[in-house]
Protein chains: 2
Amino acid sequence: MSLRHAALGLLADGPASGYDLLKTFDRSLAFIWPATQSQLYGELNRLADDGLIEVSNEGPRGRKDYSITEQGRAELERWITDVEPDRIRRNEALLRVFFLGTVGPAHAKAYLEREATVHEDLEALLQTVERDTDWDTSDFNRYGHLVIESGRRYAHGQAQWAHWAATQVDNLETTEAPAQTR
Amino acid sequence: MSLRHAALGLLADGPASGYDLLKTFDRSLAFIWPATQSQLYGELNRLADDGLIEVSNEGPRGRKDYSITEQGRAELERWITDVEPDRIRRNEALLRVFFLGTVGPAHAKAYLEREATVHEDLEALLQTVERDTDWDTSDFNRYGHLVIESGRRYAHGQAQWAHWAATQVDNLETTEAPAQTR
DNA sequence: ATGATCATGTAAACTGTTACATGATTGT
DNA sequence: ACAATCATGTAACAGTTTACATGATCAT
């Protein structure tokens, strides 16, 4: 139920409509917690039903600005300080690495070098974002900057790892056990 | 649909039952692609229906050993070499960092130091696994070793980041804009 | 007037989690 | 005999994605 708290967290920084939040999601939370329009609108209605946010303004085209309530603020704080984060991490790109033995050394190396490139590109992108953003405009942005830095380091580390892993492939394949038992 | 290919990939290394695969999941893929018993048994039946695996042996207690078929091997290779991996990464612990401005500097620092500890513990665990495992027994293990190394580096990097981020909190909070507009 | 953008919603399909259910076999 | 483990399956629920649907308002 993290989307719920993500929306709550964004509204803690100031009132916004679903449409606004969606853009914020795409700009800032997208790499950490993507959300679709469909999902977000549904969650906002549920949050409002539960009294954690409320419609503070209605605008043209059916626009609804939501504000966080006291109850919502309390719930957000509780979530951050008292609830142990879910540590589940799914990574499809790494999952494939387990199975690189089935495609042969050339494909395996190509796969790993591609991973290196992808992460180098990501690092470059995050560096640009880091440089071109004014981080000192809100708590959300100030702390968001820390998250971007985490991502940058991650991308850098993965790229380095992938290059290294590619050099290991020949080792792995020549060390291969004499007869495959299957 | 990665669970499907994860199961296929494990069976590429040799025949196994759902029960066996579940143990392998828990031991090796758990941190990258966790699966529940319920999910796995269902997927195996679907894979068999689609001809990507087949029941190669039936044992006591209704045990069914599955083997990968030629068609299954082809699909696995196609997936690894031709299908661009899904890059979606969800990370609840990092999501919370965006919202640390709402809980005050003391809680924020405590949160980040706890993240550091969690990742140091993870690094230590992976180091132990790395040391105590005989990696040279199958392609799956050899390439799995590369994944463990990736995880170890990740854990190390995240721990370092978290310590650094904790030192930044006071900076962020003192730089705070004069009057919060809300 | 009309195309772009703003703005929200619903339905179906799919994926993943939790809980329940059942029973066979093995080791002590 | 009985506890532990082996072994598979189903059902209900929660979360996510994709596609469809609708219409208002704004700028040119």
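Letters go in sequence order (proteins before strands), and every chain restarts at 1.
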Close side-chain approach of B:R114 and B:V118, heavy atoms under 4.5 Å: yes
Using the side chain to side chain contact (heavy atoms under 4.5 Å, CB included) definition, which of the options B:E54, B:R4, B:H5, B:E75 pairs with B:L47? B:R4
Quick one: side chains of residues 95-104 of chain B, donor-acceptor pairs under 3.5 Å with protein atoms, not counting sequence neighbours, listed by atom name and distance.
unit_1, atom_1, unit_2, atom_2, d
B:R96, NH1, A:W79, O, 2.6
B:R96, NH1, A:V83, O, 2.5
B:R96, NH2, B:E92, OE1, 2.3
B:T102, OG1, B:F99, O, 2.7

What residues, two or more places apart in sequence or in another chain, satisfy salt bridge (charged side-chain N to carboxylate O under 4.0 Å, His left out) together with B:R61? none
Check whether any side-chain heavy atom of A:L8 sits under 4.5 Å from a side-chain heavy atom of A:L11, and report yes or no. no
What pairs meet the side-chain hydrogen bond (donor to acceptor under 3.5 Å, both in side chains) rule with one or both residues in residues 23-36 of chain B, with sequence neighbours excluded? none
Examine distances only and state if a side-chain atom of A:S17 and a backbone atom of A:D65 form a donor-acceptor pair shorter than 3.5 Å. no
All salt bridge (charged side-chain N to carboxylate O under 4.0 Å, His left out) counterparts of B:D86, not counting sequence neighbours: none
Check whether any side-chain heavy atom of B:R90 sits under 4.5 Å from a side-chain heavy atom of A:S2, and report yes or no. no
Looking at side-chain heavy atoms only, is the closest gap between A:Y143 and A:W135 below 4.5 Å? no
Give the residues of residues 36-49 of chain A touching DNA chain D, defined as any heavy atom closer than 4.0 Å, sorted by residue number. A:T36, A:S38, A:Q39
How bent is the helix from C:dA1-D:dT28 to C:dT28-D:dA1, measuring the angle between the end axes built from five pairs each, rounded to 10°? 10°
Which residues pass the salt bridge (charged side-chain N to carboxylate O under 4.0 Å, His left out) test with B:K64, sequence neighbours left out? none
Span of DNA chain C, from the first to the last nucleotide whose atoms fall under 4.0 Å of chain B heavy atoms: C:dT15 to C:dT26
Using the rule given for salt bridge (charged side-chain N to carboxylate O under 4.0 Å, His left out), can you reason through A:E115 versus A:K109, listing the C-alpha separation, both sets of side-chain angles and the distance that settles it, and then say yes or no? CA-CA 10 Å; A:E115 280 307 294; A:K109 272 188 273 187; over 6 Å; no
Name every donor-acceptor pair, under 3.5 Å, that has one atom in a side chain of residues 154-165 of chain B and the other anywhere in the protein, sequence neighbours excluded.
unit_1, atom_1, unit_2, atom_2, d
B:H156, ND1, B:E123, OE1, 3.2
B:H156, ND1, B:E123, OE2, 3.0
B:Q158, OE1, A:S150, OG, 2.9
B:W161, NE1, A:L146, O, 3.0
B:H163, ND1, B:E113, OE1, 2.9
B:H163, NE2, B:E120, OE2, 2.6

Do the charged groups of A:D49 and A:R46 touch, with an N to O distance under 4.0 Å? no
Which parts of residues 57-64 of chain B get close to DNA chain C, meaning a heavy atom less than 4.0 angstrom away? B:P60, B:R61
Distance in angstrom units between A:L22 CG and D:dT18 P, rounded: 14 Å
The criterion is side-chain hydrogen bond (donor to acceptor under 3.5 Å, both in side chains); which residues satisfy it with B:H119, sequence neighbours excluded? none
Check each residue of residues 86-99 of chain A for a non-hydrogen atom within less than 4.0 Å of any atom in DNA chain D, then write out the ones that pass by number, or none. none
